[in-house]
Amino acid sequence: MHKREKPRTYRVKSFGCQMNVYDGERMAELLAEQGIAPAPDGEEADLVVLNTCHIREKATEKVYSDIGRLVKRGREAGREPMIAVAGCVAQAEGEEIMARAPAVGMVVGPQAYHRLPAMLDHALAGRRSTDTDMPEDAKFAALPRRRKVAPIAFLTVQEGCDKFCTYCVVPYTRGAEISRPFADLVEEAKRLVDAGAREITLLGQNVNAWSGEDGAGHAVGLDGLVRELAKLSDLARIRYTTSHPADMTDALIAAHGEVDKLMPYLHLPVQSGNDRVLKAMNRSHTAEGYLNLLDRFRAARPDIALSGDFIVGFPGETEAEFEDTLKLVDAVGYAQAFSFKYSPRPGTPAATMDAQVAREVMDERLQRLQARLNRDQLAFNEASVGRTCDVLVERRGKRDGQWLGKSPWLQSVFFEGDAAIGDIVRVRLADAGPNSLRAVRV
Ligand code: 5AD
Ligand code: SF4
């Protein structure tokens, strides 16, 4: 590498989960603080951060092809973009990336991105650097403050995973479970609300495993944090994602019946409806245990919208075992769900298990599963027609005078009339489609 000029513009390209999107936004803020401006849409940036995801598919290959494309486009334009690789692929494959892709000047893992400005200085001096350390919590302390935010904000409260599901790479890329301190979170939530947030989604890979100590020194769980945040008068809505069935507590379930600001929506991944497969996945719950848990949520909050994650074609999954997943779907009636073909992740136990399922079989199972999930999503939306509810306005719609926002059940809702971004508007849901509803103001 040689000495470089300071980049004038940056672009952060984030892939994967909301947590990665949150990290991407924070990296953008760090770069902005260095006096680097976001590249205008459609223009090449001087510095590109690829904020990668490692959870499924050929993530690593995608990173190399993205790098290749950036280098090629740069060459055509007679310039050399500065490239940083961040996120979970950086964590898992950092050294290999450095060895294989000389165009990459910085590799920064998800727990180290607060060091990006220092790494940038190194890059300017012509030195490449890798930082994939996992210091607890340090990155959050180094974050700049956000002055103005969208009405819907995200707040990372917990990171990492100790569950070691046999298919999953997260415990290796994001490290052990850590909870950010209660006081820091309350403080950051206040700042978000002051900056314009009306809804906060608490984020964590195992968000319901969050634990802390309140101001009086008492141990609190996620329910306690939710109750504390509900006291912020300008905050209207609280959500949290993603949860694990093993960490669910009576207190959090009860909060759904007691805290009005806690929205009636639960994302609780199950992955499979078959107990043998669940065991092989090291999920620590059975299908029945999961269904019982959902019943308790429904008892606390009868209108709660349920969401889940599924994997089809886990090694050894038979047709009959897959059908148990379909049965579970029928039993639950999800409002929304995410389903994936199993993807072997290097270094995870499932990747080397016998009886990997053929791609065609996975394709066919995924189609059948998604047909049911789509059916249920439409049914949920149709059953909402006639309901009166609040919509938090997020942006303008395509048509003049049209606004888009979310219902309490996380449905996309559009309506016409006088409103502004950040308003909470009372509507009656009038028409349902698979992905959105039309509403009229009341
Ligand atoms: N293959 C397919 N899907 C996976 N997920 C996690 N790891 C894998 C994998 N190896 C899915 C799970 C998880 C979601 C975030 O991604 O359903 O809940
Ligand atoms: Fe992808 Fe998981 Fe990393 Fe999020 S935490 S970026 S989903 S691998």
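In each ligand, atom 1 is the first atom listed, and ligand 1 is the first ligand listed.
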K.L.:
Side chains of residues 243-252: which donor-acceptor partners sit under 3.5 Å, not counting sequence neighbours?
P.N.:
{"from": "H244", "atom 1": "ND1", "to": "A246", "atom 2": "N", "distance (Å)": "2.9"}
{"from": "D247", "atom 1": "OD2", "to": "K163", "atom 2": "NZ", "distance (Å)": "2.7"}
{"from": "T249", "atom 1": "OG1", "to": "L252", "atom 2": "N", "distance (Å)": "3.1"}
{"from": "D250", "atom 1": "OD1", "to": "R296", "atom 2": "NH2", "distance (Å)": "2.4"}

K.L.:
Is the ring centre of F297 less than 6.0 Å from the ring centre of Y265?
P.N.:
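That pair fails the under 6.0 Å test.
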K.L.:
Just heavy atoms, cut-off under 4.0 Å: does I55 contact ligand 1 by side chain, backbone, both, or neither?
P.N.:
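Near ligand 1, I55 shows its backbone as well as its side chain.
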K.L.:
Which part of Y167 is near ligand 1, with near meaning a heavy atom under 4.0 Å away: side chain, backbone, both or neither?
P.N.:
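Both of them.
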K.L.:
Just heavy atoms, cut-off under 4.0 Å: does Q271 contact ligand 1 by side chain, backbone, both, or neither?
P.N.:
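Within the 4.0 Å criterion, Q271 contacts ligand 1 through side-chain atoms alone.
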K.L.:
Is the shortest heavy-atom distance from the side chain of P171 to the side chain of C161 under 4.5 Å?
P.N.:
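When only atoms from C-beta onward are counted, C161 and P171 do touch, with a gap below 4.5 Å.
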K.L.:
Examine R56 against ligand 1 and note whether any of their N/O atoms are separated by less than 3.5 Å.
P.N.:
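Yes: some nitrogen or oxygen of R56 is under 3.5 Å from one in ligand 1.
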K.L.:
By number and element, which atoms of ligand 1 are closer than 4.0 Å to a non-hydrogen atom of Y342?
P.N.:
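Near Y342, the atoms of ligand 1 are 1 (N), 2 (C).
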K.L.:
May I ask you to check if R26 and Y113 form a cation-pi contact, with NZ or CZ under 6.0 angstrom from the six-membered ring centre and within 45° of the axis?
P.N.:
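So R26 doesn't make the cation-pi contact.
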K.L.:
Strictly by salt bridge (charged side-chain N to carboxylate O under 4.0 Å, His left out), give each pair with a member in residues 323-343 just once, sequence neighbours left out.
P.N.:
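Sorted pair list: E323-R368, D324-K327, D330-R372, D330-R375, K341-D363.
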K.L.:
Would you check the N or O atoms of D309, main chain and side chain alike, for any that come under 3.5 Å of an N or O of ligand 1?
P.N.:
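Among all N and O atoms of D309, at least one is under 3.5 Å from an N or O of ligand 1.
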